[in-house]
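One structure is given here, and the rest of the page talks about it.
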Amino acid sequence: MKEQVRQTLEKIKPNLQADGGDVELVEVTDDGVVKVRLVGACRGCPMSQMTLKNGIQRLLIQEVPGVKEVVSVA
């Protein structure tokens with residue numbers, strides 16, 4: 001599952017990088033929680049939680065079986 005998550009995140013990265021941000025995969029837990037770190041402009045952006053839940057999480061749940069939630073870690 002971790003490799004599928006990594007590949008799906010690669011699809012999202014160009015959009016984030018276009019705005020000066022990025023996302024790094026930290027961990028995929030056995031219970032389907034994907035931990036990511038938002039970096040660059042995404043780190044302090046007031047819209048980052050919407051990007052995380054409505055963008056990153058939605059796509060990962062659609063494309064990677066077993067993903068239940070995406071959370072941001074420091």
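This structure is a prediction, so every number in the text was calculated from the model and none was measured.
One distance of note links CG of L25 with CZ of R37; it measures 10.0 Å at 0.5 Å rounding. To the nearest 0.5 Å, the span separating CG on L38 from OG on S48 amounts to 6.0 Å. Here the straight-line distance linking atom CG of L59 with atom CG of N15 works out to 10.0 Å at 0.5 Å rounding. Distance OG1/T8 to CZ/R6: 11.5 Å, rounded to 0.5 Å. Atoms SG and CE, on C45 and M50 in that order, are 8.5 Å from each other to the nearest 0.5 Å.
For K53, the side chain to side chain donor-acceptor pair (under 3.5 Å) criterion is met by Q57, not counting sequence neighbours. Shown here are the salt bridge (charged side-chain N to carboxylate O under 4.0 Å, His left out) partners of R58, two or more places apart in sequence or in another chain: there are none.
Within a 6.0 Å sphere centred on CE of M47, heavy atoms belonging to other residues, nucleotides or ligands number 12 at most. For D31, the CG atom counts as densely surrounded, since its 6.0 Å shell holds more than 12 non-hydrogen atoms of other residues, nucleotides or ligands.
Taking all atoms of both residues into account, the shortest heavy-atom contact from C42 to G21 is SG-CA, 3.7 Å.
Within the 4.5 Å cutoff, side-chain heavy atoms of E24 are placed close to those of V39. Contact annotation: the side chain of L9 approaches that of I56 to within less than 4.5 Å [non-hydrogen atoms, C-beta and beyond].
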Could you pull out every donor-acceptor pair under 3.5 Å between side chains of residues 61-74 and any protein atom, sequence neighbours left out?
residue, atom, partner, partner atom, Å
E63, OE1, K11, NZ, 2.7

Derivation and outcome, side chain to side chain contact (heavy atoms under 4.5 Å, CB included), residues L52 and V36: CA-CA 9 Å; L52 183 71; V36 298; 3.6 Å; yes

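Checking side-chain atoms of T29 against main-chain N and O of V33 turns up a donor-acceptor pair under 3.5 Å.
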